[in-house]
Amino acid sequence: MTPTSLLTHLECASCGRAHDAGLPHNLCACGGPLLARYDLDRARRRLEPAALAAREPTIWRWAELLPPVHPQRRVGFGEGMTPLLRLPRLGERYGVATLLLKDDAGLPTGSFKARGAAVGVARALELGIGRLAMPTNGNAGAAWAAYAARAGVRLLVAMPAAAPAINRLECAIAGATVRLVDGHIGDAGAVIAAAVAADGWFDAGTLREPYRIEGTKTIGLELMEQLGWSLPEVIVCPTGGGVALIGIDKALTEAARLGWLRGPPPRLVAVQAAGCAPIVRAFERGERSVTPWERPSTVAFGISVPKPLGDFLVLDAIARTGGCAVAVDDAELLAAQSECARLEGLFACPEGAAGLAAVRRLRASGWIRAGERVVALNTGTGLKYPDSAAAPAAAGGAGA
Ligand SMILES: [Zn+2]
């Protein structure tokens, strides 16, 4: 039997109002983002974790827990089931006996953004939406451009002029319309809002449509399957717009309700760059939403988001799981990037390296305890950032 979606409705994460999932939606009338809800009781009866092994190793193996998309509209490149790697040498250096890395660098377009784009674009096609628009720091735009091209859907992106040049090229070569913005991603968001209002583009920005999160959720589902449904104590997520952490949290929550998990959830850690750390600041103040970060500046461009729409979802997930939020500066994350490449042969992106730097710091402070298992997330390939990586001569002393 072909697995089919058990999506029932969309629910506002702020006010709880239900929305018809059969229609295109952006935000709730109250301004809150909409989250996909499923018939999990039915999923529990219908879906055995053991049965998953026989399915194709792509994100669509989780069809029951994704929005309905006709197989012919599942436009993609075979994305999903990325490796969960052991980092024994880096773990030894950091004092973490079991350090694992969910490595999304090998996904189409080289970042985890492919997951959200694969589901978001396919679902847009299913709903008859032919023109998508979004602000991006680069990798999301690159991913959505590729999937939009494959689906025959038009895409408009607005991107800070300071974003990596390769991302601009990736968008342009796939036929997306690219508007460069002199400012940060919040300024790019204003450009998109104007285009949506004036020209009828559909806003596909982070959490402004409900299905990017669902695609991203597959990181958490894969992780659990790869670990045999036995979870680590800590999961570390590079956090800008928060889509990775929110998606992983949603996967863990749904899996727990399906009875697939035992014991307490992993403590979720949001990692930000010290040059743009609104989530960390709000966490330290005990606040549930962020105040916009002034003048963001970091080489970890992908997590430079001064005012994420999903701030409260990230902060709630951290609080609920007993996690934390931590900022690392550029020198620390570049040192971690270099160390990971030297000790493990893995050239992580700056955002992924920020997560590794956070592991080092949290273990040194005792927040990660001896013997705890830690999963970090490499959100993309370091190959896209040739200009920021520290040359061996400059980083040779780091930790040596
Ligand atoms: Zn609402």
Side-chain angles (χ1 to χ4, degrees), residues 4-5 7 9-10 19-29 33-36 58-60 63 66-80 107-109 111 113-159 167-181 185 188-218 241 243 309:
T4 52
S5 172
L7 180 69
H9 64 288
L10 302 172
H19 298 259
D20 182 353
L23 301 171
H25 285 288
N26 292 115
L27 300 178
C28 179
L34 304 184
L35 298 177
T58 75
I59 58 171
W60 296 105
L66 292 175
V69 174
H70 190 281
Q72 286 176 357
R73 285 185 283 274
R74 289 177 186 172
V75 289
F77 310 87
E79 52 286 314
L107 286 175
T109 72
S111 86
K113 301 287 188 179
R115 297 177 185 273
V119 174
V121 170
R123 184 63 180 154
L125 198 60
E126 187 81 18
L127 292 171
I129 301 166
R131 300 167 80 221
L132 302 170
M134 57 194 291
T136 176
N137 271 334
N139 276 327
W144 284 69
Y147 284 88
R150 199 142 167 89
V153 170
R154 288 179 63 197
L155 180 70
L156 166 68
V157 299
M159 184 186 303
N167 293 146
R168 202 183 309 162
L169 172 61
E170 288 177 278
C171 291
I173 201 163
T177 303
V178 181
R179 294 201 190 150
L180 292 182
V181 176
I185 190 169
V191 169
I192 292 301
V196 167
D199 302 323
W201 291 87
F202 184 82
D203 192 340
T206 299
L207 288 167
R208 290 178 184 277
E209 64 79 52
Y211 301 110
R212 182 195 298 216
I213 285 285
E214 297 308 293
T216 311
K217 183 177 80 177
T218 59
V243 71
L309 182 62

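Every value quoted in this text rests on a predicted model; they were computed, and no experiment measured them.
- N139 CG to L107 CG: the interatomic distance, rounded to the nearest 0.5 Å, is 11.0 Å.
- Looking only at distances, a side-chain donor or acceptor of D20 sits under 3.5 Å from a matching main-chain atom of G22.
- Enclosure of atom CD1 in I173 is not indicated, since only 12 or fewer non-hydrogen atoms of other residues, nucleotides or ligands lie within 6.0 angstrom.
- Side-chain contact between W60 and V119: present, with at least one pair of heavy atoms (C-beta onward) separated by less than 4.5 Å.
- When the ring pair (Phe, Tyr, Trp, His ring centres under 6.0 Å) test is applied to H9, no partner is found at least two apart in sequence or on another chain.
- Annotation for A172 and V178: closest pair N-CG2, 4.1 Å, computed over non-hydrogen atoms.
- Taking CD of E79 as the start and CD1 of I59 as the end, the distance is 5.0 Å to the nearest 0.5 Å.
- Distance alone, capped at 3.5 Å, is enough to place a donor-acceptor pair between the E126 side chain and the H70 backbone.
- For the atom pair CZ of F202 and CD1 of I192, the computed distance is 13.0 Å after rounding to the nearest 0.5 Å.
- Applying the ring pair (Phe, Tyr, Trp, His ring centres under 6.0 Å) test to residues at least two apart or on different chains, the pairs with a partner in residues 125-159 are F77-Y147.
- Nearest heavy atoms, R74 versus A122: CA-CB, 4.4 Å.
- Residues N167 and A142 approach most closely at ND2-CB, 4.3 Å, considering heavy atoms.
- Looking only at distances, no side-chain donor or acceptor of R131 sits under 3.5 Å from a matching main-chain atom of R154.
- Without hydrogens or angle criteria, T58 side chain to G80 main chain gives no donor-acceptor distance under 3.5 Å.
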Test log, rule side-chain contact (heavy atoms from CB on, under 4.5 Å), inputs V196 and R208:
CA-CA 12 Å; V196 167; R208 290 178 184 277; over 6 Å; no
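- The CD atom of E209 sits 9.5 Å away from atom CG of L127, with the distance rounded to the nearest 0.5 Å.
- The side-chain heavy atoms of P68 and T4, taken from C-beta on, include no pair separated by under 4.5 Å.
- Counting all heavy atoms, side chain and backbone alike, A36 lies closest to L10 at CA-CD2, 3.8 Å.
- Side chain of N26 to main chain of D203: a donor-acceptor pair is present (N/O by atom type, distance under 3.5 Å, no hydrogens or angles).
- A search for side-chain contact (heavy atoms from CB on, under 4.5 Å) contacts involving V153 returns L125, L132, A148, A151, not counting sequence neighbours.
- Between A174 and A146, the closest heavy-atom pair is CB-N, 4.2 Å.
- Atom OG1 of T206 and atom CD1 of I213 lie 7.5 Å apart (nearest 0.5 Å).
- A distance of 7.5 Å separates OG1 in T177 from CG in L155, rounded to the nearest 0.5 Å.
- Between V243 and K113 there is a side-chain heavy-atom pair separated by less than 4.5 Å.
- Within the 4.5 Å cutoff, no side-chain heavy atoms of L156 are placed close to those of D199.
- A114 and P108 get closest at one heavy-atom pair: CB-O, 3.3 Å.
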